[in-house]
Structures are given as C-alpha cells and as structure tokens.
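Numbers here are sequence positions counted from 1.
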Amino acid sequence: MTGLGDPLRLACGLVLPNRLMKAALSEGLADGEHRPDDRLERLFARWGSGGYGLVVTGNVMVDRDHLGEPGNVVLDRERDLDRLSRWAKTTKDGGAPIWAQLNHPGRQSNPLATRSRPVAPSAIALNLPGLPTPRALSEAEIEEIIERFAAAAALAESAGFDGVQVHGAHGYLVSQFLSPLSNQREDAWGGDPERRMRFALEVVRRIRATVRPGFAVGIKLNSADFQRGGFGQDESRAVIEHLAAEQVDLIEISGGSYESPAMMGRPVVQSTSTREREAYFLSYAQSAREAAGTVPLAVTGGFRSRAAMDEAVGSGACEVIGLGRPTVISPEAANELLAGRDRLDAPRISSGLPRGLANRRAVKSLDGLLDLQWHTDQLHRLGAGEEPVPDRPAWRTGVSMLKRNGFDAFRGSGRNAGPGSERSLRRFRFERAVGRYLANPAVRGLSRLGIRVSLATEIETIGRKTGQPRRVPVSVLFDTEGAWLICQHGTRSGWGANLTANPGIRLRQGDRWRTGTAVFVPEDDVEARARSFAPHPALGALSAATFRALQTRPVSVRVTFTDD
C-alpha cells in the first residue's frame, strides 16, 4: 500500500520525494516593488528543509495592476530574475522542489493594494462590503491575461522554479470564469459550462506550450463554491476530465471562496464523515478520481493526524496530502510526520461567538479573516527569523488589526491588510472622519437653514449594491457645460465607487437638481483644480494644502449635464 514517504513521479518527469505538500499560503512579504526579499528567503528556507515532497508558494500575481493583497510578489519583469532565483534556490537547497502559484484576483482585487478598477468575466460585485463592482473584461483583455499567465510561467522557469500552479479556486479570476454566479457572459467565454471552463483550459494550454516539457504545470481547483447556484461538483468533475487531457501534472482539490470560506473549515457545522476523515474535500476527490484519469490529485484542508493522511493516500483517494496552516506552526511538519509524529497542531482561530451567530455570513467572513491574519502574523515572525507563537490568543490578533488599521481592517475581501497598508488606511480614516464629522454635517446643517454655499452642494449617486439613491455633500465648481468635483479618495470613497459602477448622477445647483454623467479624470492636476475652487489666491493655496494635509489620493471628476 502506498505510504506518505513514497516518491511520486509526475507526467513531466519531476519526481516528488514524498507525498506531503506544503500548500500555498499567501505570505504578503514582498518588498515595495513586489519582489521577494530576505524575509521570503528565510521563510522558504525553513519549509525547503522541512521534509516536504513539494513546496508551493502563495499568490504570485501575473499583473501588478491587480493584486490580491498588499505584499504580493508579482512575476512580470525579467529584471527581478536575481531575486526570484534566490527565492527558488533557497527552497531547493533544502531538498524540496518548489512551484510558483500564479494568480489573478479578478473582482477580488484588494482596494488597499491597487488603484485600478477590478476586472472580471462580468460586471457583478462580490458580496462583501467595501469592494467596488468590477468591469467586464473584453475578449482582447481576456487573451492578454492568458498571455500574462504564460509569460509568468516562463519567467518562473528561468528563475529556477520546478513548476507552476494555476490558482483556479477560492473565488479568484479563473474560478470566477467557472462560476455561473460571476460569469454571465454570452460569448465564447461564458453562457454554459463548456464555455465557462474555456478560460481555465486556455491558461493551462498556453503555459504548457510556453515552458519546456520537463517543467511541471499544476492547477488548484474548487470542488464547489458552496454557494447556491454557483460552481458545483458535477461541473468541477467535468473540468477535471478536460484538464486531464491537457498534460496537467497535479490537480489540487480545494473549495469555497472568501464569500463562503469552506477552505478554512467553515461553516462550523461539519458532517460526521468529514470529522472522522478530517479532510474537507476528500469525499469529492474520491468521486473525481475517475475523471482525473492518471493525473494525481492533491487534497488540502483539514488533515491533522498521520492516520487520516495514511488512509487517504493508501486508499487511493488522493496521491498527495496538502498541508497549509499546520506548516505555519510546525515548519518542519513533513519531517516530523515521516519520523512518526501522530498529529499536527493548528489552532482554530475564531471570534468565539455562539454557534447560532457563527454560521451567519458576516461572522464567517470575520472568523475567516481572523484566522488568516493570525496565521499571517506567524508567517511574518518566521520571515523575520523568529519562532511562531502557537498560543497567541485570537483577541490579540483582533486588537493588533484594530491598532494597525482601525475598523477598516475588518472590511474588504477577507484577507489580511499586509505590510505597507497601514499608512494608506490612516489616510482613509482621517479623510473619512473629516467628511463624516465636520464637512458633511456642516453642509447639511446650512442646507436645512436654507443657506446655499456656492462651492458646497450635494451629489446623488446610485448605490452599486443597493440600487438606491445615495446623497452626500461635495465641493463643486460649476461652469457653462457642467461642473468639476474632487473625489478625495477616488474609487475607494463611497460615492466614487458608485460612479465606477454607474456614472449617471444628479447634482444640486442652488435649488435645482441637475442630471448628468460623471467620469474620473486621473490625468487632471488635482491640486491646480483645488486652487480654482477658491475665489482668492490665498484661499486657493489653502485648498490645495488641505488636500495634501489629508494625505489622500484625490481624483478630479468631470460632470457633463444631460438635462436642458
């Protein structure tokens, strides 16, 4: 019977020394230019010498304009080859092959990490607070992204990585194309299961055609989205059957998304069979075994005891055991298991709310975020050359998140804010406080008294998720054809995000509401525009200085009236 210590030869010829894989964990440890640095080398040196048959990186992005979180490594520039090569070599020196996990976040782009509007198969917003509605990709843009995946794989090969894994799970772009909830296109890239799987298949084909035959190509795929009407197990098996014909070397099975985080063992209630077998997706893997043919399957999520791992591999349910969070507490977990350790430690981090509340969507997202942040904090300790702290309580993670980022730490896409985001969040909190507690009440109070201020009025946008009108005070400079406004925080402000989804607005001019269309003008000199709002040069300088003091990234907005 096959055991955990047995080697596995992949179709490309790469031999994995054993059946234990360090699965992808998003590290958030890139430098300011999204390159790997000493922290990633220290972290992966620990994993490289940890006895794993395969080490997979986390969330290496193929486009620096679309990031999953701050601190992502981006694989798109040859001038970064030296750093990438050191990263790969540091891991391989410990005896483990390493794959780069290639990803594009699509509509899950993190607004703290990029100013670009998210893109997706269709213009359908993620069901999480704080994220704007994405823009639907054109067919030309889809082809460009496929080429980005292939170019990133070629760069990984040049840097010395042994393979790549396409991230096709957890609600990222590849997964978005597969799901009928997020892909409602009616062209060659959507409309039925065959066309929805085309993007994933083309990405794999293009990579395989670009790299040498001995370079490994794998994919991480959802068993299901765990959302009503979403990507289900029948469709997933059909995708696996097609992938098996594309010279894929390894298919990793996972599930869920940040809207429904099954990959982190949520919801809390699990079936008896799942608890006994530990792995969240093992039953599905068994049902997908025939569809996969000779392609080996890896199952990640839930494994804790050696007995359950031995049973999964020995029974043929899967060929590889993926270990994620346990490798944060025990970087040498594979060596320990192969030496006879019976069980791995992986604390379950949550808010501790009663079961009746814990199964609510908002609480599941919060618990998922706490869990990710707790483990990310441990990763950062390893990257700094320190040891993990397994008994760190969840409340300390919550307090540190609030201390660093305020309540906005609990908004967004369900991932940690990561390094580099604290300053951005400070700016946003300060700008929002000025608007909420000073400027907005002042304008509303004057309006109730019948006092109209020439440069202060209200804009009415349509809520991108509610579809209801939303009015907020704004500063405005009218002219004969329309008006100029300044959105203090661009698309990250509430009304700015609404404009991105729907440019149709109403603007109050005196006692009259005007209708028009508003567009961002990022090339406009926003400080010069701010000076033009004031009737006196001294006040103009003060206006420009105010925007600098707010430390936001304001963007000019041009309104063109469409009424008579």
Task: Listed once per pair and sorted, the side chain to side chain donor-acceptor pair (under 3.5 Å) pairs that draw on residues 44-57, sequence neighbours left out - done: R46-E332, R46-E387

Open item on the list: For a 4.5 angstrom cut-off between non-hydrogen side-chain atoms, does E252 reach V320?
Closed with: no

Task: Qualifying residue for side-chain contact (heavy atoms from CB on, under 4.5 Å) with F149, from V204, V174, T210 - done: V174

- [ ] Give the minimum heavy-atom separation between L29 and D37, together with the two atoms involved.
- [x] O-OD1, 3.3 Å

- [ ] Count the heavy atoms of every other residue, nucleotide or ligand shown that sit under 6.0 Å from CZ of R77, and state whether that count exceeds 12.
- [x] yes

Task: R107 side-chain N/O to A125 backbone N/O, donor-acceptor pair under 3.5 Å - done: yes

- [ ] May I ask you to test the P132-R117 pair for a side-chain heavy-atom distance under 4.5 Å?
- [x] no

Open item on the list: Could you check whether D80 pairs with R83 (Lys NZ or Arg NE/NH1/NH2 to Asp/Glu carboxylate O, under 4.0 Å)?
Closed with: no

TODO: Step by step, work out the side chain to side chain contact (heavy atoms under 4.5 Å, CB included) result for L4 and N18.
DONE: CA-CA 6 Å; L4 295 181; N18 61 60; over 6 Å; no

Open item on the list: Looking at K92 and G160, would you say the former's side chain and the latter's main chain have a donor-acceptor pair under 3.5 Å?
Closed with: yes

TODO: Please determine, by modelled atom types, if S26 and E69 share a side-chain donor-acceptor pair under 3.5 angstrom.
DONE: yes

- [ ] Specify the closest pair of heavy atoms between D6 and R19, including all atoms of both residues, with the distance to one decimal.
- [x] O-NE, 3.0 Å

TODO: Working to the nearest 0.5 Å, report the span between OG of S175 and CD of Q108.
DONE: 8.0 Å

TODO: Begin with the C-alpha distance, continue with both residues' side-chain angles, and end with the deciding distance and a verdict on side chain to side chain contact (heavy atoms under 4.5 Å, CB included) for L201 and L243.
DONE: CA-CA 7 Å; L201 296 177; L243 286 169; 3.7 Å; yes

Task: Donor-acceptor contact below 3.5 Å, side chain N183 vs main chain L178 - done: no

TODO: Indicate the atoms forming the closest heavy-atom contact of Q165 with W99, along with that distance.
DONE: CB-CE3, 4.2 Å

Task: CD1 on I207 to CZ on F215, rounded to 0.5 Å - done: 8.5 Å

Open item on the list: Using every non-hydrogen atom in the two residues, find where G340 and R306 come nearest and quote the distance to one decimal.
Closed with: N-NH1, 4.0 Å

Open item on the list: Could you measure the distance from the CG atom of N222 to the OG atom of S254? Nearest 0.5 Å is fine.
Closed with: 6.0 Å

TODO: Determine, step by step, whether E157 and R212 satisfy the salt bridge (charged side-chain N to carboxylate O under 4.0 Å, His left out) criterion, reporting the C-alpha distance in whole Å, the side-chain angles of both residues, the deciding distance to 0.1 Å, and the verdict.
DONE: CA-CA 9 Å; E157 181 180 16; R212 59 182 171 80; 3.0 Å; yes

TODO: Determine yes or no for a side-chain-to-main-chain donor-acceptor pair under 3.5 angstrom, with H170 supplying the side chain and L221 the backbone.
DONE: no

- [ ] For residues H66 and H104, determine if any side-chain heavy atom of one lies less than 4.5 Å from a side-chain heavy atom of the other.
- [x] yes

- [ ] Could you pull out the closest heavy-atom pair between Q176 and G171, with the gap in Å?
- [x] NE2-O, 2.7 Å

Open item on the list: Ignoring hydrogens, what is the shortest heavy-atom contact between N72 and H34? Give both atom names and the distance.
Closed with: O-ND1, 2.9 Å

Task: Stepwise side chain to side chain contact (heavy atoms under 4.5 Å, CB included) test for T300 and M21 - done: CA-CA 9 Å; T300 301; M21 174 180 74; 3.7 Å; yes

TODO: May I ask you to test the C318-I253 pair for a side-chain heavy-atom distance under 4.5 Å?
DONE: no

TODO: Keeping the roles fixed (side chain from H380, backbone from L382), state whether a donor-acceptor pair exists under 3.5 Å.
DONE: no

TODO: Determine whether more than 12 heavy atoms belonging to other residues, nucleotides or ligands lie under 6.0 Å from atom CD of E386.
DONE: yes

Task: Side chain proximity check, Q101 to V60, heavy atoms < 4.5 angstrom - done: no

Task: Approximate separation, where rounding is to 0.5 Å, of D76 CG and R64 CZ - done: 4.0 Å

- [ ] Using a 4.5 Å cut-off on heavy atoms from C-beta on, say whether the side chain of L43 contacts that of L379.
- [x] yes

Open item on the list: Check this for me, if you would: do R86 and E41 make a salt bridge, where the nitrogen-to-carboxylate-oxygen distance has to be below 4.0 angstrom?
Closed with: yes

Task: Sidechain-backbone polar pair: Q378 side chain, P390 backbone, donor-acceptor under 3.5 Å - done: no

Task: Polar side-chain atom of S85 near backbone of A159 as donor-acceptor pair, under 3.5 Å - done: yes

- [ ] Measure from the side-chain N and O atoms of T327 to the backbone N and O of G324, and report whether any donor-acceptor pair falls under 3.5 Å.
- [x] yes

- [ ] Take L297 and V295, measure what side chain to side chain contact (heavy atoms under 4.5 Å, CB included) needs, and give me the verdict at the end.
- [x] CA-CA 7 Å; L297 297 179; V295 178; 5.5 Å; no

Task: Spatial distance of atom CG (L14) from atom CG (L54) [nearest 0.5 Å] - done: 7.5 Å

- [ ] Evaluate whether atom CD of Q247 has more than 12 neighbouring non-hydrogen atoms of other residues, nucleotides or ligands under 6.0 angstrom away.
- [x] no

Task: Interatomic spacing from CG in L344 to CE in M309 - rounded to 0.5 Å - done: 4.5 Å

Task: Non-hydrogen side-chain atoms of P36 and L84 separated by less than 4.5 Å - done: yes

Open item on the list: Would you say that L67 contacts N110 through its side chain, given a criterion of any heavy-atom pair below 4.5 Å between the two side chains?
Closed with: no

- [ ] Decide, yes or no, whether a salt bridge links R289 with E319 under the criterion of side-chain N to carboxylate O below 4.0 Å.
- [x] yes

- [ ] Take the angle between the ring planes of W87 and F44 and call it parallel below 30°, perpendicular above 60°, tilted in between.
- [x] perpendicular

